[in-house]
Amino acid sequence: MRKKTISIWVLVAFLFLVSIALPEGKLGAASSLFMNEVADKYEELEDKFTKQYKADLKSVTTYYEQFLQQSSDEQKQLEQYLREDMAYLEDLLEKDYDKLAAQYGSDRSYTTKLNQYRNQINPNYSTGALWKYSKETDKGYSTSLHWKFNNQINPNYSTSLMWKYKNEINPSYSTSTMWKYANTVNPNYSTSLMWKLRNESNPNYSTSTMWKYKQGQLTQQQAKTNIEKILKTGEEDLQAERDHAINTIRKLRERTISDIIDLRDETVRKIISQRTSSLKDISALRSSLFGSGIDAKALIINLIRLRLLLMESCSSLSSRLIS
């Protein structure tokens with residue numbers, strides 16, 4: 001009887017110790033079903049933002065390529081305008097020289113005057129009036145107006161407007177906007193938001209919410225409350241980071257288009273101004289040498305593609321990218 005009484009007290013003591021060791025509300029071993037449900041919720045969240053990132057990358061890349069193509073097309077159109085105008089002026093002035101040579105060539109007193117005039121209408125004669133215009137239209141002439149514009153729309157020209165834009169949407173370019181966005185939603189990038197959420201959902205990651213639950217340090221209800229809050233806040237933070245990235249790129253795109261349009265328009269104005277100045281000098285020289293000047297038709301350059309693209313960007317890009 002005494003042995004039976006001792007056994008009962010031993011059992012009571014054991015149950016008391018167990019009740020102290022287990023957290024209040026813990027019903028037993030960790031539920032695999034609950035842990036799997038948490039893992040599934042995390043996987044859904046990761047999948048959502050991975051798909052959104054890929055769609056965003058495709059969109060910003062498409063807009064960049066569209067802009068690059070239209071910029072290139074406009075540059076080629078400008079180049080054609082200038083090439084045709086240069087051919088027109090060379091033909092006009094060469095025929096004018098031939099006419100003057102036929103009229104005054106037999107008079108030796110006009111030899112110097114004819115040579116002087118010929119030099120000024122020669123596009124290859126350095127410091128000549130037509131050369132000054134010709135070099136500004138040449139995109140291959142370093143420091144020329146056309147050269148500067150062409151470089152700014154070249155994505156491979158370091159520090160150009162197009163180079164900066166290209167880098168900001170490149171997820172492989174360190175510190176760029178898309179690089180930061182890609183890392184934010186990457187569960188394998190240490191310290192990223194997605195990395196933290198995956199770890200909190202992982203019962204094998206030491207000190208995480210689900211690890212504490214698996215170890216018996218949290219009840220299922222405590223773990224459920226904590227992990228739901230963590231995932232909800234994490235999802236909101238991920239969306240905020242995504243929206244900030246896309247908005248940053250949208251503003252950069254609009255600013256780049258605007259800056260290139262301004263540069264293009266300024267380039268055209270200055271080229272036409274140089275053309276006017278060169279022809280004025282040629283006409284004045286002709287007048288002083290031969291008694292009358294010369295007139296040339298006006299150069300009209302019509303480039304509107306980029307401006308239409310900017311209008312489209314301002315009116316629709318926000319709604320397309322930030323959804």
Side-chain angles (χ1 to χ4, degrees), residues 30-67 165-215 217-254 256 312-323:
S31 168
S32 295
L33 179 61
F34 171 59
M35 289 189 289
N36 289 337
E37 288 176 350
V38 171
D40 289 342
K41 287 182 179 179
Y42 164 75
E43 290 294 339
E44 288 176 5
L45 186 147
E46 181 186 326
D47 184 61
K48 170 188 173 181
F49 283 94
T50 298
K51 288 180 178 178
Q52 185 173 239
Y53 163 76
K54 289 180 179 179
D56 287 336
L57 179 60
K58 182 178 180 180
S59 293
V60 298
T61 301
T62 297
Y63 278 113
Y64 163 75
E65 290 175 347
Q66 177 189 17
F67 176 42
Y165 180 21
K166 178 190 70 174
N167 288 339
E168 280 302 310
I169 66 166
N170 182 1
S172 298
Y173 189 84
S174 179
T175 74
S176 73
T177 299
M178 284 305 289
W179 178 83
K180 294 174 184 176
Y181 177 14
N183 289 338
T184 297
V185 299
N186 183 359
N188 298 313
Y189 187 81
S190 179
T191 74
S192 73
L193 279 173
M194 195 67 78
W195 178 83
K196 293 176 182 178
L197 295 177
R198 183 183 67 174
N199 289 340
E200 284 296 331
S201 305
N202 184 359
N204 298 315
Y205 187 83
S206 179
T207 74
S208 72
T209 297
M210 294 308 294
W211 179 85
K212 291 177 182 177
Y213 167 67
K214 184 179 179 181
Q215 296 299 314
Q217 296 177 22
L218 294 175
T219 66
Q220 182 169 321
Q221 185 56 48
Q222 289 172 330
K224 184 175 184 293
T225 300
N226 289 354
I227 199 64
E228 285 182 349
K229 181 179 180 181
I230 289 171
L231 292 178
K232 182 176 183 296
T233 302
E235 183 173 8
E236 292 171 352
D237 291 343
L238 284 167
Q239 190 63 44
E241 288 292 326
R242 177 265 178 187
D243 291 347
H244 174 72
I246 295 304
N247 192 48
T248 298
I249 290 173
R250 176 185 60 81
K251 290 180 179 179
L252 172 65
R253 180 177 189 269
E254 292 176 358
T256 302
E312 175 194 346
S313 175
C314 292
S315 64
S316 65
L317 187 58
S318 296
S319 62
R320 291 182 185 180
L321 291 186
I322 300 182
S323 55

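Because only heavy atoms are used, hydrogens play no part in the values below, and waters and symmetry mates are left out as well, while side chains stay in.
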side-chain contact (heavy atoms from CB on, under 4.5 Å) for N204 and K214? Distances and angles first, verdict last. CA-CA 8 Å; N204 298 315; K214 184 179 179 181; 2.9 Å; yes
Answer yes or no: is there a side-chain heavy-atom contact under 4.5 Å between Y64 and R253? no
Ignoring hydrogens, what is the shortest heavy-atom contact between T256 and F67? Give both atom names and the distance. CG2-CE2, 3.6 Å
With rounding to the nearest 0.5 Å, note down the distance linking CD in Q215 to OG1 in T207. 11.0 Å
Give, for atom CD of Q239 and atom CD of Q52, the distance between the pair rounded to the nearest 0.5 Å. 4.5 Å
E254 side chain reached by R250 side chain, heavy atoms, under 4.5 Å: yes
Hits for side chain to side chain contact (heavy atoms under 4.5 Å, CB included) against T177, two or more places apart or cross-chain, chain-then-number order -> E168, A245, T248, I249
For S192 and N183, work out which heavy atoms get closest and say how close. CB-O, 3.0 Å
With sequence neighbours left out, write down each residue that passes side chain to side chain contact (heavy atoms under 4.5 Å, CB included) with K41, or none if nothing qualifies. E228, L231
Can you list everything that forms a side chain to side chain contact (heavy atoms under 4.5 Å, CB included) with E37? Sequence neighbours excluded, please. L33, F34
Spacing of R242 atom CZ and L193 atom CG [to the nearest 0.5 Å]: 15.0 Å
Nearest heavy-atom neighbours spanning Y42 and S201: CB-OG, 3.6 Å
With rounding to the nearest 0.5 Å, note down the distance linking CG in N167 to CG in L252. 10.5 Å
Applying side-chain hydrogen bond (donor to acceptor under 3.5 Å, both in side chains) as the test, list every pair that has at least one member in residues 229-238; sequence neighbours left out. K48-E235, K232-E236
Separation between CG (L197) and OG (S208), nearest 0.5 Å, reads 12.0 Å
I'd like to check D243 versus N247 (side-chain heavy atoms, cut-off strictly below 4.5 Å). Are they in contact? no
Contact between M35 and Y213 at the side-chain level, heavy atoms closer than 4.5 Å - yes or no? yes
Report the distance from atom OG1 of T219 to atom NZ of K224, rounding to the nearest 0.5 Å. 11.5 Å
Side chains of V185 and T50, heavy atoms from C-beta outward: is any pair under 4.5 Å? no
According to ring-ring contact (aromatic ring centres under 6.0 Å, His included), does anything in residues 166-196 pair up with another residue at least two apart or in another chain? List the pairs. Y53-Y181
If you compare all heavy atoms of V60 against all heavy atoms of I169, which two are closest, and at what distance to 0.1 Å? O-CD1, 3.8 Å
Under the rule for side chain to side chain contact (heavy atoms under 4.5 Å, CB included), what residues qualify as partners of E43, not counting sequence neighbours? E46
